[in-house]
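To keep things clear, I will list the structure first and then write my remarks on it.
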Amino acid sequence: MARGKLRIHLGAAPGVGKTYAMLSEAHRRVGRGTDCVVGFVEHHGRPRTEVMLHGLEQVPRRELEYRGGVFPEMDLDAVLARRPQVALVDELAHTNVPGSRNAKRWQDVEELLAAGIDVVSTVNIQHLESLGDVVESITGVRQQETVPDEVVRRADQVELVDMTPEALRRRMAHGNIYQPDKVDAALSNYFRPGNLTALRELALLWVADRVDAHLTQYRSEHRVSAIWGSRERIVVGLTGGPEGRTLIRRGARLAEKGAGGEVLAVYIARSDGLTSASPKELALQRTLVEDLGGTFHHVVGDDIPAALLAFARGANATQIVLGSSRRKTWQYVFGPGVGATVARESGPDLDVHIVTHDEVAKGRGLPVARGARLGRSRRVWGWIAGVAGPPLLAVLLNTVDLGLANDMLLFLALTVAAALLGGLLPALASAAVGSLLLNYFYTPPLHRWTIADPKNIVAIVIFVAVGVAVASVVDLAARRTHQAARLRAESEILAFLAGNVLRGETGLEDLLERVRETFGMESAALLERAGDVEPWTCAGRVGPGRPVERPDQADVDIPVGDHMALALTGRVLPAEDRRVLAAFAAQAAVVLDRRRLQEEADRARTLAEGNRIRTALLAAVSHDLRTPLAGIKAAVTSLRSEDVEWSEEDRAELLEGIEEGADRLDHLVGNLLDMSRLQTGTVTPLIREIDLDEVVPMALGGVPEGSAGLDVPETLPMVAVDPGLLERAVANLVENAVKYSPPGAPVLVTASALADRVEVRVVDRGPGVPDEAKERIFEPFQRHGDAPRGAGVGLGLAVARGFAEAMGGTLNAEDTPGGGLTMVLTLRAAGARPELQPAAEPERQTS
């Protein structure tokens, strides 16, 4: 059975019309005679979208019960049984209600596709899994429902549904997206112009990358080698020389002139992996490219022009930027150079720019990092073989007659052995001594330093040349091997440092210990001083070695700025190690600065929080507490007045006002005291096992009769809680819910068991709270929306969450299906492991 095809309408933001576009596509297909049904489409009460459902066959939805509510979901079995050609399935990232066959709707779609049914679906850019962190940093909202990127990338068609931020905000203001009571909050939070612009850019870039991938795949499948200038791609050829920075900046300026321009810097290295380019310079150029928004590429190739052109054509580049040759005039006798060759062979589809720079005609030699060649023992044996070996061989050959050719081969073998052991100089010594001995003992006239036969002269010259060549090759290979091993070790160390910089994981002492272990030192310390004449102080130290009070007391010291230094004791390091050590020193300074900044930020945060609490407390005392006091005082003054004759009804009303004011004062003061106890950490719960129906009904005693309903099954397991804290927490939740519930819509308090937890849910039908504010409402002295000042000091929910966490539970806010807010208080069932319960405090606070 052929797999169905998936078409996705990708929305740049909520409300841009992706569902409307999907339904319009369905009407077009039905008009062409396609069997198309609606598997699941949510119109969200939008009239224009709802109208588009008319005339389309809809598969009846399946209703599932969950936590006391009934929720509609797509009936997957019914759609499979109906077996249409095309099924419309809205909201691909939707999480199915527990009890469904699949956890996610995209998994339902996968089953439809596997059954050969084409699917048209919708998803917003913020629901892509890989963009979760980016979207949260932009909007401040973490998307709970996501779909794997691969699911969307595998779609046969992805159509972007886009709208300008201004037009989308106008649609919102006209009530075409959300209900009128939610428009203002949405416009001032999630639907801000900056948020919408950033989401739109994300969507455009994601679709552009997908189009670019399809174009690359098409060119590869059809073997298209010609360059298609769909957008400007500038390849900058680097040699590792200092002119590279000039070329990168010129390439970036060229890219800025075209829409969607892209810079690709490429360095071509020899296939043996060895390079004479400065690693430091290449690292600087890589950083510059990335800072300018480009990418850096390292390519291997012995034919530099061919490798550069192959890379440019493979990347579908339109321009190549090269620097003018650094070769001197006489060096052109060896060839036209890379720039001229690339320009000649680029063809009509690639423009080549030759950029002048300060290094033109100054020679193409680059600084070479030279390392040690061979070990000391090998050099000693090489000198023994090169100096003592030829005389010993001559003594042996004088006992037998092998002929001049064989004698020369044996001396040559000895020279090669000296080269393999000791390198260039021992081999040269062996060649010189061996040639003299050959001349004296084995070439006519014998025992004389002259040579009669010219052929023997040629043979001895060739002998010396071969010895020198072999020695040079061995010496070069040894030096390159050492250099490569050292660079690899340095790169591993620098990669470690770079990773720590990005992750911020290593502390100062850990980093100093790494320095001590890497360089085999006894101790490592970071010293600093406030000024040029101030004494040095130790910011951090590791190792058993002697304490270092000043940099000049250390065996090795690396300055970091003007008033900081890394000091090491144990041995003197060679100069070649100081480059990596300088990187360690700079990282140590960064770690120290980061630690101090974090400490300052923590102190500032603590002070700011304390100031905020004190300011809010003063505001609460000055206003919210004075209001009931003023009412009580006015009522008492009226009752004591002898000028007015109060009726019994009036006296009862004044007394009732005094009682209400006193209750309100008691409630406000209680919340203030509870919040202070939570802030100081003096709440210690007395945990015991108890039934919910013994505590929760008592929490409803403070609300008007008929304003709250209770549904706590008797079959629920017991919970491990502090009864007093639980009663206060539930009472605050119910009071808050009653405050925001509309008349005639009582608050519902329900409870249910879930694994080893018990959930108490306080459900209201009020205006609800947007997702971005669901955590803020639990902060002290926070009132959501337009709550009047008389509604309280904003401590009820903060106290409730504090009490819940003190008992090892959690308190979170969820949307009520159909509108409103649900507070979910999760408690630990009796007998379950106390994973969330905090350790007991020494201070005792009874419930």
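Side chains included, hydrogens not; waters and symmetry mates left out as well; all remaining heavy atoms used.
Contact check for Thr146 versus Leu131: no side-chain heavy atoms found under the 4.5 Å cut-off. Within the 4.5 Å cutoff, no side-chain heavy atoms of Gln143 are placed close to those of Glu136. Within the 4.5 Å cutoff, the side chain of Glu775 has heavy atoms near those of the Asn812 side chain. Residues Val37 and Arg82 form a side-chain contact, since some pair of their non-hydrogen atoms from C-beta on lies under 4.5 Å apart. At a threshold of 4.5 Å between non-hydrogen side-chain atoms, the residues Val135 and Ile125 do not count as touching. By the 4.5 Å heavy-atom criterion applied to side chains, Leu292 and Val263 are not counted as neighbours. A 4.5 Å side-chain heavy-atom check between Leu284 and Leu288 finds every atom pair outside the cut-off.
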Atom pairs and distances, side-chain donor-acceptor, residues 198-207, under 3.5 Å, sequence neighbours left out:
residue, atom, partner, partner atom, Å
Arg200, NE, Asp162, OD1, 3.1
Arg200, NE, Asp162, OD2, 2.8
Arg200, NH2, Asp162, OD2, 3.1

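In terms of modelled atom types and a separation under 3.5 Å, the side chain of Asp118 and the main chain of Lys5 share a donor-acceptor contact. One N or O on the side chain of His27 and one on the backbone of Met52 form a donor-acceptor pair closer than 3.5 Å. Using a distance-only test at 3.5 Å, with no hydrogens or angles considered, a donor-acceptor pair links the side chain of Arg169 to the main chain of Phe191. With hydrogens and angles disregarded, no donor-acceptor distance shorter than 3.5 Å links the side chain of Asp108 to the backbone of Leu76. Thr295 places no side-chain N or O within 3.5 Å of a backbone atom of Leu264 that could act as its donor or acceptor partner.
Remark: of the listed residues Glu50, Gln58, Met74, Met22, Met22 is the sole one forming a side chain to side chain contact (heavy atoms under 4.5 Å, CB included) with Val41. Exactly one residue among Glu145, Glu42, Glu73, Glu110 makes a salt bridge (Lys or Arg N to Asp or Glu O under 4.0 Å) with Arg105. That residue is Glu73.
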Inset, instruction - Apply side-chain contact (heavy atoms from CB on, under 4.5 Å) to the pair Val123 and Leu10, showing each step before the final yes or no. - result: CA-CA 5 Å; Val123 70; Leu10 179 66; 3.7 Å; yes
Inset, instruction - Please step through side-chain contact (heavy atoms from CB on, under 4.5 Å) for the pair Val321 and Arg253, ending with a clear verdict. - result: CA-CA 11 Å; Val321 176; Arg253 290 197 295 271; over 6 Å; no
Inset, instruction - Using the side-chain contact (heavy atoms from CB on, under 4.5 Å) rule, take Ile177 and Leu168 through it: C-alpha gap first, then chi angles, then the decisive distance, then the call. - result: CA-CA 9 Å; Ile177 300 177; Leu168 184 56; 3.6 Å; yes
Inset, instruction - Verify side-chain contact (heavy atoms from CB on, under 4.5 Å) between Leu128 and Val147, making sure each step is shown before the conclusion. - result: CA-CA 5 Å; Leu128 293 184; Val147 59; 3.9 Å; yes
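Of all non-hydrogen atoms in Ile777 and Ala813, the two that sit nearest each other are CD1-CB, 4.3 Å. Nearest heavy-atom pair, Thr49 versus Leu23, reported as atom, atom and distance to 0.1 Å: O-CD1, 3.6 Å. Shortest non-hydrogen contact noted between Gly237 and Leu308 is CA-CD1, 4.4 Å. The minimum heavy-atom distance linking Ala317 with Val235 is given by the pair CB-CG2, 3.5 Å. Closest of all the heavy-atom pairs between Leu64 and Gly99 is CD1-C, 4.4 Å. Residues Gly15 and Arg46 come closest through the heavy atom pair CA-NH1, 4.3 Å.
In this structure Glu600 satisfies the side chain to side chain contact (heavy atoms under 4.5 Å, CB included) test together with Leu597, Arg603, sequence neighbours excluded. Residues that satisfy the ring pair (Phe, Tyr, Trp, His ring centres under 6.0 Å) test with His297, not counting sequence neighbours, are Phe311. By the side chain to side chain contact (heavy atoms under 4.5 Å, CB included) test, Val824 is found to be paired with Glu759, Arg761, Glu814, Thr822, Thr826, residues two or more places apart in sequence or in another chain being considered. Residues satisfying the side chain to side chain donor-acceptor pair (under 3.5 Å) criterion with Ser121, sequence neighbours excluded, are absent altogether. With sequence neighbours excluded, the residues satisfying side chain to side chain contact (heavy atoms under 4.5 Å, CB included) with Ala78 are Val59, Asp75. With sequence neighbours excluded, no residue forms a salt bridge (charged side-chain N to carboxylate O under 4.0 Å, His left out) with Asp291. In this view, Phe40 satisfies the ring pair (Phe, Tyr, Trp, His ring centres under 6.0 Å) rule with no residue, not counting sequence neighbours. The side chain to side chain donor-acceptor pair (under 3.5 Å) check on Asn195 picks up nothing, with sequence neighbours excluded. Under the side chain to side chain contact (heavy atoms under 4.5 Å, CB included) criterion, Arg29 pairs with Arg7, Glu25, Arg32, Thr34, Val86, Val120, sequence neighbours left out. With sequence neighbours left out, the side chain to side chain donor-acceptor pair (under 3.5 Å) criterion links Asp351 to no other residue. Evaluation of the side chain to side chain donor-acceptor pair (under 3.5 Å) rule for Asp815 yields Lys774 as partners, not counting sequence neighbours.
Shown here is Gln85, whose CD atom has more than 12 heavy atoms of other residues, nucleotides or ligands within 6.0 Å. Residue Phe71 qualifies as enclosed at atom CZ: its count of foreign heavy atoms under 6.0 Å is above 12. Within 6.0 Å of CZ in Arg154 there are more than 12 heavy atoms belonging to other residues, nucleotides or ligands. More than 12 heavy-atom neighbours from other residues, nucleotides or ligands sit within 6.0 angstrom of CZ on Arg171.
Separation of atoms OG1 (Thr122) and CD (Glu91) is listed at 6.0 Å; rounding is to 0.5 Å.
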